Every structure is written in structure tokens, then in C-alpha cells.
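Shown next, in C-alpha cells, is the structure this report addresses.
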2 protein chains.
Amino acid sequence: MAPSTTLKGDQFDCAQFEALVKRRFFFSESFEIYRTAPNFQGDNRGLYDYGPPGCALQTNIVDVWRKHFVLEENMLEVDCTVITPETVLKTSGHVDKFADWMCKDLAKGEYLRADHLVENVLQSRLASGAKGTTKKDPKLDEATIKLYNEILAQIDNYDGPELGQLIKEHDIRNPDGNGEVQPPIPFNLMFRSTVGPSAAAPVYLRPETAQGQFLNFRKLLEFNQGAMPFASASIGKSYRNEISPRSGLLRVREFLMAEIEYYVDPDAKEHERFHEVTSLELPLLAKQTQLDGKTTLRKMSIEDAVKSKTIDNETLGYFLGRIMLFLLKVGVDPSKLRFRQHLDNEMAHYACDCWDAELFTSHGWIECVGCADRSAYDLTVHSNFTGYPLTVRELLQTGPIRVEVWQALLDKKLVGPRFKRDAKVVQDSVEALAQPVLEKLAADLEINGIITLDTIKPLADGRSAVELSKDLLTIKKVAHLQTTRQYTPNVIEPSFGIGRILYSVLEHTYWHRPQDAARAVLSLPLAVAPTKVLIVPLSAQPQFVPITRRLSSRLRALGISNNIDSSSASIGKRYARNDELGTPLGITVDFDTVVNGSITLRDRDSTAQLRGSEDDVLKAVKSLVGGNESWEEIAQYLKPFSTLEQDES
Amino acid sequence: MAPSTTLKGDQFDCAQFEALVKRRFFFSESFEIYRTAPNFQGDNRGLYDYGPPGCALQTNIVDVWRKHFVLEENMLEVDCTVITPETVLKTSGHVDKFADWMCKDLAKGEYLRADHLVENVLQSRLASGAKGTTKKDPKLDEATIKLYNEILAQIDNYDGPELGQLIKEHDIRNPDGNGEVQPPIPFNLMFRSTVGPSAAAPVYLRPETAQGQFLNFRKLLEFNQGAMPFASASIGKSYRNEISPRSGLLRVREFLMAEIEYYVDPDAKEHERFHEVTSLELPLLAKQTQLDGKTTLRKMSIEDAVKSKTIDNETLGYFLGRIMLFLLKVGVDPSKLRFRQHLDNEMAHYACDCWDAELFTSHGWIECVGCADRSAYDLTVHSNFTGYPLTVRELLQTGPIRVEVWQALLDKKLVGPRFKRDAKVVQDSVEALAQPVLEKLAADLEINGIITLDTIKPLADGRSAVELSKDLLTIKKVAHLQTTRQYTPNVIEPSFGIGRILYSVLEHTYWHRPQDAARAVLSLPLAVAPTKVLIVPLSAQPQFVPITRRLSSRLRALGISNNIDSSSASIGKRYARNDELGTPLGITVDFDTVVNGSITLRDRDSTAQLRGSEDDVLKAVKSLVGGNESWEEIAQYLKPFSTLEQDES
């Protein structure tokens with residue numbers, strides 16, 4: 001069904017594309033009628049509403065995602081709340097570290113994201129070939145051009161102070177007004193609120209769906225009857241209070257995410273289904289290439305990439321392959337896809353390796369899917385804070401083994417009288433001690449005869465530590481027959497930005513008919529097209545009404561979304577409207593239908609038409625939608641039909 | 001597939017039901033491991049996570065909803081942002097009026113919702129038969145019992161001061177500690193935050209999806225090619241900062257809503273498909289019955305209810321019927337459903353008539369769907385604030401008519417020189433004047449020879465009004481041939497709380513096998529069951545593995561969700577687990593399968609089993625899931641199979 005590439009316009013016409021998206025209400029700025037109202041004060045940037053075709057496209061992409069990942073691999077899908085207590089996000093590191101660097105332009109009173117500022121200014125200098133935006137400014141020399149390109153290739157690698165240094169060195173100013181900017185300061189990207197009437201309970205809107213999944217790890221493991229490895233998944237809105245969102249759907253403050261958390265034994269990152277993806281070729285942009293200041297892609301089979309350690313392990317490689325297959329299924333142009341490895345400074349605070357699937361759009365290469373190995377970071381920090389074990393205990397495959405472990409023993413006869421109602425807290429605090437801590441305390445106790453122990457709860461008098469001397473506490477190494485092994489799983493996380501994928505798919509499937517630049521088409525795949533079939537009666541005559549209604553209801557019974565357009569526009573115009581909506585199939589009802597029951601089936605991309613009985617055409621539609629037959633195959637039992645498609649009425 | 005009523009336990013066992021929901025992870029409190037952590041401070045009440053079966057059940061209910069409403073009637077589904085600027089919700093009335101009344105117990109430092117306080121205390125007094133909670137307290141007399149029941153029957157009808165009066169009169173105190181409470185004060189139920197780094201842009205999390213739909217009305221009308229009536233719809237999270245949420249899933253701070261906004265000509269509230277629902281009988285609890293202090297239901301056909309004006313109009317009646325059909329489809333017990341009309345004080349600030357579909361649960365009758373006639377309220381206030389017309393203009397059916405209208409004319413030759421660069425603003429401001437304003441200004445101009453006009457934008461010097469004298473401005477009545485009619489549509493809004501419906505369905509479909517109270521079953525309908533088919537091999541022997549995998553993959557290809565349980569528990573135990581998960585069908589693979597390829601199909605509710613070839617059983621499963629054949633019909637081509645179902649291994 002994809003149009004042959006020769007049909008595609010070579011030049012992507014941004015203005016025409018945006019006009020189409022707006023005209024057909026795929027999406028638009030939220031609260032638009034307020035934004036233009038004279039008395040509105042507020043900031044609605046970075047917020048978008050999906051109109052009917054955009055909403056259906058989004059639903060269909062999510063549906064394909066759920067089938068491709070969740071149902072295909074029996075992932076455990078959960079739906080957790082967006083509202084998250086501050087403590088949880090403090091533990092996960094987001095309260096302290098989930099921030100972007102921003103600079104204030106004092107003259108304009110405007111905040112600018114520091115890395116975007118550097119990027120925009122250097123790019124526009126390169127574009128004009130001069131140390132400014134116009135050709136009158138002093139020309140850039142070869143060395144400067146090289147330097148700028150090197151900076152841009154690793155723009156995501158700089159922290160705040162480094163960005164401040166670049167801004168100073170290269171005299172980077174606010175392009176809007178040329179004002180100087182203040183040094184970068186961090187701005188936390190989470191929306192904050194409070195819950196309940198007392199205002200004493202601070203919460204944030206989650207910046208990712210992951211934390212809710214991690215907190216439910218033990219329940220999920222139990223639901224999975226203890227079997228490892230397994231994956232949880234979640235589809236839902238997340239929020240980032242972007243400093244100054246532009247670029248439309250690509251940088252928004254509220255967005256739909258689909259995230260998978262794959263829990264795996266850190267010592268066994270092989271994947272059972274790895275063999276299914278080994279021969280897939282991925283377009284890779286590895287870390288070292290970027291550090292060399294280059295952006296050249298390298299095609300590599302997943303097998304080779306994992307063997308050469310370009311991709312760290314089988315599980316990561318498996319998911320990169322599955323991600324590529326998903327993206328192609330929903331309409332991504334394979335020539336506009338690359339997998340870019342994160343640079344060390346760029347990686348999220350929790351990640352130990354990360355690859356982004358990036359899609360090329362008129363805004364450049366855009367991160368649409370992240371695939372990170374978050375190691376045991378999240379489960380460990382939540383477990384440490386709550387004291388609740390987020391671990392797996394497995395029977396040792398090798399049978400029981402003899403190990404030596406540190407053991408702490410309190411003299412129970414002395415503890416009770418000494419600590420009275422705090423005795424239980426002291427006892428619990430000793431039992432909560434981990435092996436490395438015990439080892440250290442054993443040495444301290446040996447040397448000093450006394451140690452200080454932090455308690456897991458405050459004591460009756462408010463203190464949160466006690467002193468324990470040798471007479472009370474013994475710490476020694478004991479032999480132990482170990483039958484099980486306990487570990488904190490590592491987490492591999494493929495994380496999808498549905499809105500960014502949706503936008504890229506719209507750009508990738510957009511073209512116009514060669515004979516007429518105004519006749520645009522969105523070649524959305526059948527699987528995700530908002531409406532599968534358009535039903536058009538030749539005219540608004542009443543004799544067509546029962547036929548189109550019956551067709552619509554029969555298609556609905558087959559689970560195939562459809563629309564009747566009986567408006568007074570010409571058939572050509574009605575088809576042109578639906579080409580812009582990406583409707584792949586059209587059924588025409590005309591006077592012959594009334595006479596002999598035959599109807600016409602039209603293919604959006606080629607405008608080819610076939611004719612047959614209602615039953616045969618519906619059978620063909622069902623086959624096409626189900627992916628069981630191609631247009632060529634249904635042409636075997638339907639007759640060719642030719643008519644000049646009218647452009648104008 | 002529904003169990004015969006004799007199988008149902010007569011007593012609903014709340015504790016057992018809750019244990020099942022928790023054990024099978026349908027849902028649980030969010031951040032549970034934090035709540036029990038010693039050092040956690042926060043408030044996570046009213047926040048719930050859905051585990052795998054709850055999440056799948058939710059997805060399936062939403063899917064049925066989308067098919068039943070959106071696809072069936074070609075509604076225009078949109079997805080708008082949760083984050084909403086304060087100005088929008090100020091205009092809609094939510095900032096001022098979307099509040100509950102709460103009382104503070106100074107001794108406990110606790111906030112209580114005022115109506116719930118009155119309700120709980122009076123109910124517990126009625127239950128104990130005494131003016132307190134114990135039988136030692138003075139006995140209630142007949143008159144007091146009658147009075148309490150009358151108050152409870154219209155508990156939703158009282159405003160804050162009235163609740164305060166009741167609390168004083170009846171000496172109502174905090175049941176927890178018996179402390180006196182302060183008079184009720186309003187508490188706004190919206191979560192507040194700010195957007196962007198400047199903190200000057202206050203926003204709220206939306207309390208309903210409706211406002212986003214209203215703001216897009218004109219785009220939607222255009223997308224619908226100008227045709228009226230039509231509906232928009234939206235499925236998404238909404239937020240209410242409840243004062244003190246209890247009752248589990250039934251009163252939460254974050255919840256999934258599905259809302260329809262049906263835009264209709266206020267003079268034509270007939271509905272094209274009304275005839276499809278006229279004979280449906282609804283269990284009604286009308287306004288007057290409640291004001292009489294009664295709760296008796298009256299069964300009435302929709303036709304009669306609309307004819308007698310019990311239900312205001314056809315469109316409202318049509319949607320109440322469609323709502324009932326939807327609820328029954330997802331598993332609601334028809335004997336636990338009623339439609340209750342709102343009392344006048346209870347109605348939301350925008351509504352002119354409203355019916356709730358209420359479902360009976362162990363927490364009493366719960367509002368699960370609201371169906372309100374919001375009149376033209378929302379479109380009017382947004383249009384007034386923004387100056388953007390949210391109206392419909394239609395050709396007059398009667399042909400053109402002659403009308404007289406007020407017309408204002410500026411002398412263009414004088415306006416330019418007088419107002420210079422403000423001339424356009426003055427011109428636009430005059431053109432924006434509505435008919436009633438023009439009529440008043442005409443009189444003023446006649447009397448004073450001069451008027452003051454507020455401008456739609458500030459002028460160059462900052463003023464926002466100009467004086468216009470008779471020489472510049474003429475206002476007169478002119479005859480006008482009117483060909484179109486302009487009106488603001490009324491909105492009928494069916495609004496669904498998905499979480500409450502889901503919870504009620506779980507209660508309504510819960511029962512246990514008569515021979516064993518511990519063997520619980522959830523008789524979820526096939527359409528919404530989290531997993532449709534359980535595949536169980538007789539044992540974990542390797543010879544069964546390729547067979548179960550093939551069955552699973554064939555079912556998946558048919559779009560039928562399934563799970564393999566090859567754990568070591570007995571077949572009976574594995575079936576019992578899946579009865580609790582509501583899995584309607586089971587397929588058993590045993591040694592005969594290896595020999596002759598036959599497999600067994602089990603029905604969850606009756607535990608009946610049928611046997612046949614793999615192809616025949618899969619055909620039967622497909623028919624059952626698609627709703628094309630019943631168990632009795634598939635029994636025609638499959639053979640009866642009988643085995644004792646083992647309860648224990």
C-alpha cells in the first residue's frame with residue numbers, strides 16, 4: 001500500500017504540512033480560543049489537543065503497541081497514578097536531579113533553556129557562514145566551523161557550568177533582542193501540587209510511568225507466580241514542566257508514554273527470543289562516533305552488535321530489534337530512523353547504558369524511544385528507603401552451598417531492661433543491617449568496644465541513634481548452608497513517547513500527488529489509519545441511503561471503522577479530503593449499485609479502483625485490514641474499474 | 001454464561017471479596033510500600049493502582065464503551081490536556097463553585113466532609129436505634145427516626161449553612177473521638193499547580209474532560225462539515241482533591257472518565273434513533289419521590305417517561321437507555337441498577353436536569369454515570385469571555401424572513417482623522433456590539449448626543465474606552481432579510497466514572513461455589529474479562545510445551561487474549577486461580593492430546609467441559625468470544641467430557 005517513492009515530493013513543504021494537520025484537526029494548541037482572547041493571561045505553550053483523526057491515530061498506535069509488546073510477550077500491564085508523593089520522587093532522585101539548565105535574559109524577562117540556546121545560535125551561525133546571523137558579520141573560519149560542529153555533535157554531553165562556559169566563550173546571546181543572558185541555573189521539570197485540605201502533603205505529577213511499576217515489583221513478581229525474568233508495562237500520561245516549549249508536538253508539557261520495565265537477573269541478560277531478531281540490521285550511531293564529532297550511521301546486525309559489545313547485552317539488543325519492528329509497523333520511514341547511544345554525561349542519573357531510537361523530521365533528529373539499562377538503581381533505592389525487600393529469591397541451581405556470613409546477636413536479657421519500649425526498634429535496626437555494614441561494624445566493635453547504630457525509626461525520646469557496647473552486641477562470621485540466592489533484578493526499560501512517534505509518522509507518510517501540489521495524501525498504514533474505509537454515495541439521493549447505512553453497519557460488525565460522506569461535494573473532493581485524513585480504502589455506491597448491487601473499492605495511494613459484489617468487496621476489505629491479502633491478491637477476484645477521478649465538482 | 005442465581009451466595013462477604021481483589025492484584029493502594037514505611041510522611045489516600053487483571057478489565061470496559069458509543073454513533077473523539085489554565089476554569093465556574101463543605105475537628109486537627117459526617121452519624125444512630133452508637137444511649141422515638149430518614153433521603157440537597165444547621169440541631173460530632181466540629185467551610189476540589197519557570201501562570205488539573213471538548217466546539221463542528229446535531233467524546237483522567245477519601249475505589253482523587261458531549265438545537269431535542277430505545281424499561285427514582293422522603297423505584301418505559309415529562313426530552317431519554325444497555329453489557333446486575341434524578345440544590349452549577357445511573361454495592365447506592373442537560377451554559381460563558389462565537393448558523397428551513405435589526409454606522413471619513421491608528425479598534429469595537437447593547441446605546445445617543453464605548457483592545461495610549469458623538473455614530477433600526485438562524489447549542493452530557501463501574505462490576509459478578517466458600521468466582525462477561533482463555537497442560541512435562549505454545553499463538557492470531565499456566569499446582573488449583581481472575585474459558589492439554597490431538601474446553605461458571613479437535617475447539621472459542629454462538633450451540637459439535645475437578649493437589 002505504500003506509495004512508490006517516485007510519487008513522493010522531494011522537498012518536504014513544512015507550511016503545507018502544518019496547514020493540513022490544522023485543517024483536518026489532527027491536533028491543535030490547547031485553549032486556542034483563550035490564547036487569542038484579549039484578556040487572557042497565562043501560558044498554554046506545550047499543551048496540545050488531539051482532534052478526531054489525531055485521537056483515533058493515537059488510539060490505534062497504542063493498540064498496535066499493546067499487541068506488539070504486552071500481548072505478544074504476556075507483559076503485566078499496570079495503571080498507576082500520576083499523582084506521586086514527594087518522598088517517592090525524592091528517593092528516586094527526581095526531586096534533586098530531574099532538571100534542565102536555564103538562563104535568564106534580564107532585559108526581556110525571558111527564560112531560555114541553556115543547551116537549546118547554544119544549539120540554536122551555533123546552528124544559525126553555521127547556516128549564515130558568519131559570526132552572527134547575517135552575511136555582513138565577520139566570516140567563520142575553518143577552525144571555528146569545525147569547533148562548532150564538534151560542540152553540536154555532543155551538545156547533550158554538557159552540564160550547566162560547561163554550558164555557561166560555552167555561552168561566555170562564544171558570546172552567545174538571546175537571538176530575540178541580542179540581550180546577554182545570566183549563567184545557567186537548574187530548573188526542576190516536575191509539576192508540583194499538594195493533596196488534601198491540610199496542604200502538608202506535597203506531591204508531583206509523575207515525569208515517567210516507571211516509578212509506579214517499580215513500587216509494585218513484589219506484587220507483580222507474585223502475580224507472575226515467582227517466575228523470572230518478566231516485564232511490566234504501562235501506558236499513560238506523564239508531565240514535564242518544560243522551560244520554554246516550542247517545536248509543536250515534539251516538546252510538550254503533558255504527553256502520553258508507553259513504558260516497559262523488563263526485570264532480569266543481572267548475571268543472565270541473555271534473552272529467550274534473541275534468535276528471532278539476530279539478523280535484523282540496525283542503523284547505529286554509537287557513543288564513540290559522536291565523541292569523534294561525527295554523525296555517520298553504521299548498519300549492523302543485532303547479532304554482530306551484541307557480539308562486539310557495541311550493544312551491551314542480548315536483552316538490550318532484543319528490545320532494540322522489537323522497537324524497530326514496532327516503528328516500521330506504525331508507518332515510520334526506515335530511512336529516517338537511527339539508534340543513537342547516549343553519551344556518559346547525558347544519561348539519566350539512573351542509567352548504565354542507553355540507546356535512543358531517533359526519527360528524522362523537519363525539526364531534525366528527534367528522540368522517540370529510549371531504551372535504557374537502569375541496572376538495579378530504582379529497586380535498590382526504594383527498598384533502602386522503605387525497608388521493604390524488592391528482591392528475588394531463587395533456589396540455587398547448583399544445590400545448597402556452604403557460605404560464611406556476618407551475624408549480629410543482641411543479648412536479649414540485657415536489651416529489654418536497657419532500652420525498655422525502644423527495645424523492639426533497636427532489635428529491628430540490628431536485623432536490618434546489610435552484610436557490608438556488619439563487616440565494618442564488626443571491626444569497629446573489635447577496636448572501640450562500642451559502636452553507634454542509626455535506628456530505623458525515631459526512639460521514644462526523639463533520638464535516632466543508640467550506642468551498643470560489646471556486652472550487648474556480638475558480630476561474628478558464621479558458616480551457613482545456603483539453598484537460595486537473593487538478588488535485586490536489573491531493569492531494561494524501553495520507553496516510548498507516543499506523541500513524538502505520532503508526529504513523525506504524520507511527517508513520514510505525507511506527500512502530494514505529482515500532478516497537483518494541493519492534493520496531499522497521508523499514506524498511514526491500515527493498522528493505524530484513523531478510519532479504515534470511507535463510504536461515498538455518488539450523490540445525496542435518498543435511494544443510496546439504505547445501501548450506505550447497510551455497508552457501514554456490516555463493516556462495523558467486522559470491527560472495521562468507517563465513515564459515510566454524503567455531503568454535496570464531488571466524489572473527487574470527498575476522496576481528496578479523506579486522502580488528507582489518511583483513509584486507506586474507499587467504497588463508492590452509484591446507480592449501478594442500485595441496479596446490480598456492485599460497488600467500487602478504491603486504494604488511497606494508487607487511486608486504483610476495483611469492482612465487485614458487496615460480499616466480495618467486504619471480504620476483500622476484511623482481508624486487507626487483517627493483513628491476509630494484498631491489493632494484488634484481491635484484484636484476482638475483483639474486476640478492474642476505471643473512472644476519471646474528478647478534482648473539482 | 002451467567003451463573004444461575006441459585007449458585008450465588010445470598011450474603012455478600014465483604015472481607016472475602018476484598019481479599020480476592022488484593023490477592024489477585026485487581027487493584028491496590030498506590031505507594032503501599034511507602035505508606036507502611038516508618039519514615040514516610042504524606043497522604044496517599046484516594047490513590048489506587050490497577051494490577052494486571054484490573055488494568056486489562058479497565059482497558060476492556062473502555063473498549064466496549066468506545067464501540068458502544070463512539071464508533072456506533074460516529075462521535076468525534078478528542079483527547080485534550082489535563083492541565084488547564086486558571087482563567088478557563090474561572091470562566092466555567094469551577095474556581096468559584098467546585099467545592100465541598102468541610103468541618104474541622106480542632107481537637108483532632110482533622111477535616112471531615114460535612115455531608116458525609118451528617119450521613120454517617122445519622123445512619124449509625126438509626127442502626128443502633130439510639131441517640132448515639134450504643135444501645136445504652138437514649139432511644140430514638142418514632143418522630144426522630146422519621147426525621148432522620150427524611151434528612152438522609154435528601155442529603156445531597158443541603159448547602160453548607162444548612163449542613164451547619166443540621167450539625168448544631170442534632171449535636172453531630174466527629175465519630176472518631178466525639179469532638180465538636182467547626183461550622184462547614186468550602187474547600188475547592190481542584191489540584192493547583194503552576195506552569196513554566198515564572199510561576200505567574202496558575203493552572204489546575206481538570207475536574208472533568210468536558211471543558212476541553214467545549215473549547216474545541218467550532219473545530220469539531222467544522223470537522224463534522226457543519227452538520228448538527230453531533231457528539232464529541234473523550235476518555236481520560238480527571239482529578240478531584242477529595243477532603244478525606246475512604247470507600248476504596250469509589251472515592252478517589254485521580255480517576256478515569258469517559259464523557260460524551262452531545263450538541264443539540266435547544267428547540268429540537270428529539271433524537272433520530274429514539275425509537276430504538278422506547279420500549280426499554282428503566283428503574284427510576286424521580287425528584288419528587290426523594291423530596292417525599294422515599295426511595296421506592298418505579299419501572300417505566302422510556303417512551304412513557306418522556307411522554308409524561310418525568311424525563312425532560314427524547315435525547316436525554318435516548319442516552320439513559322443507551323447507558324443502561326452499556327452497563328448490562330459490561331456485567332452490571334440489572335437488579336442493582338437505578339436511575340436517580342438530581343435534586344435542585346444538588347445539581348452542578350451548570351445543569352438544568354440531571355439523572356444519575358446508580359449501582360448498588362456493599363457501600364450502598366453509588367453514582368456511576370451522570371447524564372446532565374448542561375443547557376447552553378458552558379458554550380455561552382466561554383464565548384462571552386473570549387469573544388469567540390461558539391454558535392451554529394443554519395439556513396432557515398422556512399426560507400428567508402424579514403426582520404428588523406439595530407445597526408450602528410460610523411462615519412468613516414471622520415473616524416480615520418479623529419482616531420488615527422486606533423481607528424480600526426474603534427471600528428471593530430462598534431461591530432462587536434450585540435443587539436440588546438445597540439438598543440440601549442441608541443436610546444443614550446438620542447438623549448445625550450454622546451456615548452462611551454468600551455473598546456475590545458486597549459488603545460495606543462492605554463485607555464480602554466472612547467467617546468462617540470452623534471456626528472460620528474448613527475444607530476438605527478433597519479429592515480433585513482434574514483436567511484440564516486444563529487443559536488448556541490444545548491449540551492446533553494453522559495459522563496461515566498470508569499473506576500466506579502469497574503468496582504461495581506467486580507462486586508456484581510462475585511460469588512462462590514456452593515460446595516466451598518473458599519472457591520470464589522468472578523463471572524465477568526467475555527467482553528470484558530481480563531483474559532479470555534486459560535491454557536493448562538496436565539503437567540509440566542516437555543511434550544506439552546509445543547502444543548500449549550501453538551494454541552497460545554493461534555489464539556493470539558485470532559485476537560483472543562490467553563495465558564498458559566504450566567505451574568506445578570494441580571489442574572483444579574490452576575482453574576480455581578483463574579476463576580478468581582474471571583477467565584471465562586479454559587483449555588486443557590493432556591496425554592490424549594499428544595495421541596489424537598483432542599483438547600478439552602471448560603466453562604468457568606458451570607465448570608462443564610466439552611472435548612474436540614484443536615480446530616473445532618478454537619472455532620468454538622472464536623464463536624463464543626465473538627458472541628455468535630452460545631455454549632449450548634457449540635455443544636452440538638463438541639463432545640461432552642466429564643472429569644472430577646480436583647480441588648486440591
Side-chain angles (χ1 to χ4, degrees), chain A residues 25 28 30-31 33-34 37-38 40-44 47-52 55-56 58 71-72 74 76-83 85-88 102 111 187 191-193 195-198 201 212 215-216 219 223 225 237 241 243 253-254 382 385-388 456-457 556 561 563 567, chain B residues 25 28 30-31 33-34 37-38 40-44 47-52 55-56 58 71-72 74 76-83 85-88 102 111 187 191-193 195-198 201 212 215-216 219 223 225 237 241 243 253-254 382 385-388 456-457 556 561 563 567:
Chain A
F25 199 7
S28 76
S30 304
F31 319 108
I33 68 172
Y34 269 78
F40 175 64
Q41 301 209 323
D43 180 357
N44 72 333
L47 297 173
Y48 285 84
D49 293 346
Y50 290 96
C55 184
Q58 178 183 257
L71 297 181
E72 179 65 32
N74 284 312
L76 305 183
E77 189 180 338
V78 295
D79 183 19
C80 307
T81 56
V82 168
I83 291 181
E86 184 173 55
T87 319
V88 172
M102 67 178 181
Y111 292 94
F187 174 68
F191 285 97
R192 197 171 200 272
S193 190
V195 68
S198 77
L215 296 188
N216 284 304
K219 285 190 191 122
F223 187 85
Q225 309 193 53
K237 290 271 184 87
N241 196 359
I243 291 163
R253 286 170 163 156
E254 172 172 337
H382 289 304
F385 182 88
T386 60
Y388 189 91
I456 56 173
K457 273 190 219 176
R556 207 156 49 227
S561 64
N563 245 313
S567 66
Chain B
F25 199 8
S28 76
S30 304
F31 319 109
I33 68 171
Y34 269 79
F40 175 62
Q41 303 210 321
D43 179 0
N44 71 332
L47 297 173
Y48 286 84
D49 292 347
Y50 290 95
C55 184
Q58 177 182 257
L71 296 181
E72 179 64 32
N74 283 312
L76 305 183
E77 189 181 339
V78 295
D79 183 18
C80 307
T81 55
V82 168
I83 291 182
E86 183 172 56
T87 319
V88 172
M102 66 178 182
Y111 292 94
F187 174 67
F191 285 97
R192 197 174 201 270
S193 190
V195 69
S198 78
L215 297 188
N216 284 305
K219 283 189 194 125
F223 186 85
Q225 308 192 52
K237 289 271 183 86
N241 197 358
I243 292 164
R253 286 169 163 157
E254 172 171 338
H382 289 304
F385 182 88
T386 60
Y388 190 90
I456 55 172
K457 275 190 215 171
R556 206 157 51 226
S561 64
N563 244 312
S567 66

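Just so it is clear, the model here is predicted, and its values are computed rather than measured. Every chain is numbered from 1 and lettered A, B, ... according to where its sequence line falls, protein lines coming before strand lines.
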Nearest 0.5 angstrom please: B:R556 CZ to A:L71 CG, how far?
8.0 Å
Among A:V82, A:D79, A:V78, single out the residue with the greatest number of heavy-atom pairs under 4.5 Å to chain B.
A:D79
Under 4.5 Å to a heavy atom of chain A? For B:Y388 that would be side chain
Using ring centroids (six-membered ring only for Trp), state whether A:Y34 and B:F385 fall under 6.0 Å.
yes
Tell me, out of A:L76, A:I83, A:L215, A:T87, who's got the most heavy-atom pairs with chain B below 4.5 Å.
A:I83
Quick one: pull up CZ in B:R253 and OG1 in A:T81 and give me the separation to the nearest 0.5 Å.
11.5 Å
Using non-hydrogen atoms only, which part of B:N74 is less than 4.5 Å away from chain A: side chain, backbone, both, or neither?
side chain
Between A:Y111, A:F223, A:F187, A:Y48, who has the most heavy-atom pairs with chain B when the cutoff is under 4.5 Å?
A:F223
Relative to chain A, which segment of B:E77 carries a heavy atom at a distance below 4.5 Å: side chain, backbone, both, or neither?
both
Using non-hydrogen atoms and a 4.5 Å limit, figure out which bit of A:F25 sits close to chain B: side chain, backbone, both or neither.
side chain
Out of A:A37, A:S561, A:C80, return the one with the most heavy atom pairs under 4.5 angstrom to chain B.
A:C80
Report which part of B:E72 has an atom under 4.5 Å of a heavy atom belonging to chain A: side chain, backbone, both, or neither.
both
Hey, which of A:G387, A:S193, A:S30, A:G212 has the most heavy atom pairs under 4.5 Å with chain B?
A:S193
Identify which of B:A56, B:S567, B:G51, B:C55 forms the greatest number of heavy-atom pairs closer than 4.5 Å to chain A.
B:C55
A:V88 vs B:F31, side chain to side chain contact (heavy atoms under 4.5 Å, CB included): CA-CA, chis, key distance, verdict
CA-CA 8 Å; A:V88 172; B:F31 319 109; 4.0 Å; yes
